[in-house]
Amino acid sequence: MSEETFTQRVYDVVASIPRGKVITYGEAACRAGSPRAARAVGNVMNKNPDTERVPCHRVICSDGSVGGYAFGTSKKVALLRKEGVEIIDGKVHPEYLV
DNA sequence: GTCGTGACTAGCC
DNA sequence: CGGCTAGCCACGA
């Protein structure tokens, strides 16, 4: 149970993000147990095999930019907007952060 | 055990 | 405001 790796932990954290909200890679990394592993989180998301189970599109950069997406940043933005997240100039409003 | 990789972050010019 | 550098972490080969 507690043998979960950082990767497994990230999936759980991202999956716990409420719809219509987003968090930064640093925040996800912090919840995963490594506040400095924002980059590692990105790696996990990129390898994320279950995008439907893990809404990796709800993870954005700390500066508000959408960041990247395995299916294309454009797709990520479209999904966020559908969830109710307002994005301007490619940047998500900080109030949407959980 | 070592190296390379990447959807990051913060600081500096 | 915009671009670049250096530092950071976890995973696979």
Side-chain angles (χ1 to χ4, degrees):
Chain A
M1 313 272 226
S2 311
E3 302 290 305
E4 296 163 354
T5 60
F6 177 80
T7 305
Q8 194 69 52
R9 191 70 179 248
V10 172
Y11 289 137
D12 185 52
V13 172
V14 177
S16 70
I17 302 173
R19 183 182 172 289
K21 296 267 178 169
V22 297
I23 69 171
T24 64
Y25 291 96
E27 188 64 29
C30 191
R31 294 186 182 197
S34 296
R36 308 289 181 233
R39 209 181 245 173
V41 173
N43 273 359
V44 174
M45 299 285 94
N46 188 355
K47 291 172 182 170
N48 172 16
D50 296 299
T51 57
E52 305 222 353
R53 185 164 116 179
V54 182
C56 41
H57 65 262
R58 286 183 192 153
V59 186
I60 63 169
C61 285
S62 67
D63 66 339
S65 54
V66 181
Y69 192 54
F71 288 82
T73 311
S74 309
K75 201 82 170 164
K76 185 170 178 177
V77 175
L79 282 165
L80 289 171
R81 289 181 131 204
K82 269 184 198 181
E83 302 233 331
V85 178
E86 184 159 22
I87 301 169
I88 298 178
D89 193 36
K91 300 216 176 148
V92 182
H93 284 206
E95 59 179 80
Y96 287 97
L97 295 172
V98 181

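Naming: A, B, ... by sequence-line order, numbering from 1 per chain.
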When you measure from the side chain of A:R31 to the backbone N and O of A:V13, does any donor-acceptor pair fall under 3.5 Å? no
Could you check A:V14 against A:R58 for side chain to side chain contact (heavy atoms under 4.5 Å, CB included), going step by step and ending with a plain yes or no? CA-CA 8 Å; A:V14 177; A:R58 286 183 192 153; 5.5 Å; no
Answer with yes or no whether A:Y69 presents, from its side chain, a donor or acceptor under 3.5 Å of a partner atom in the base of B:dA7. no
B:dA7 P sits how many Å from A:L79 CG, rounded? 18 Å
Over how many whole Å does the gap from A:N48 atom CG to B:dA7 atom P extend? 14 Å
Within the structure shown, what part of the strands sits under 4.0 Å from A:T7 by heavy-atom distance: base, sugar-phosphate, or nothing? sugar-phosphate
Run the numbers on A:V10 and A:M45 for side chain to side chain contact (heavy atoms under 4.5 Å, CB included), then give the verdict. CA-CA 8 Å; A:V10 172; A:M45 299 285 94; 3.5 Å; yes
Atom CG of A:N46 to atom C1' of B:dG6: distance rounded to whole Å? 7 Å
Once you apply a heavy-atom cut-off of 4.0 Å, does A:F6 come out as touching a base, just sugar-phosphate, or nothing? sugar-phosphate
Taken to the nearest whole Å, CZ/A:R36 to P/B:dG6 is 24 Å
Any side-chain heavy atom of A:I60 sitting closer than 4.5 Å to one from A:L97? yes
One should read off an interatomic distance between A:K76 NZ and A:T51 OG1, to the nearest 0.5 angstrom, of 12.5 Å
Distance test, side-chain N/O of A:T73 to OP1/OP2 of B:dA7, below 4.0 Å: no
Main chain of A:K91, side chain of A:D89: is a donor-acceptor contact present, judged purely on distance under 3.5 Å? no
Span of DNA chain C in contact with chain A (heavy atoms, under 4.0 Å): C:dG7 to C:dC11
What is the nucleic acid contact for A:A40, judged by heavy atoms within less than 4.0 Å: base, sugar-phosphate only, or nothing? base
For C:dC8, give its Watson-Crick or G-U wobble partner with both distances under 3.5 Å, or none. none
Using the closest heavy atom to pick a nucleotide of DNA chain C for each, name whichever of A:K91 or A:A37 lands nearer the 5' end. A:K91
Rounded distance in Å - CE (A:M45) to P (B:dG6): 17 Å
A:N48 (side chain) donor-acceptor with A:V54 (main chain) under 3.5 angstrom: yes
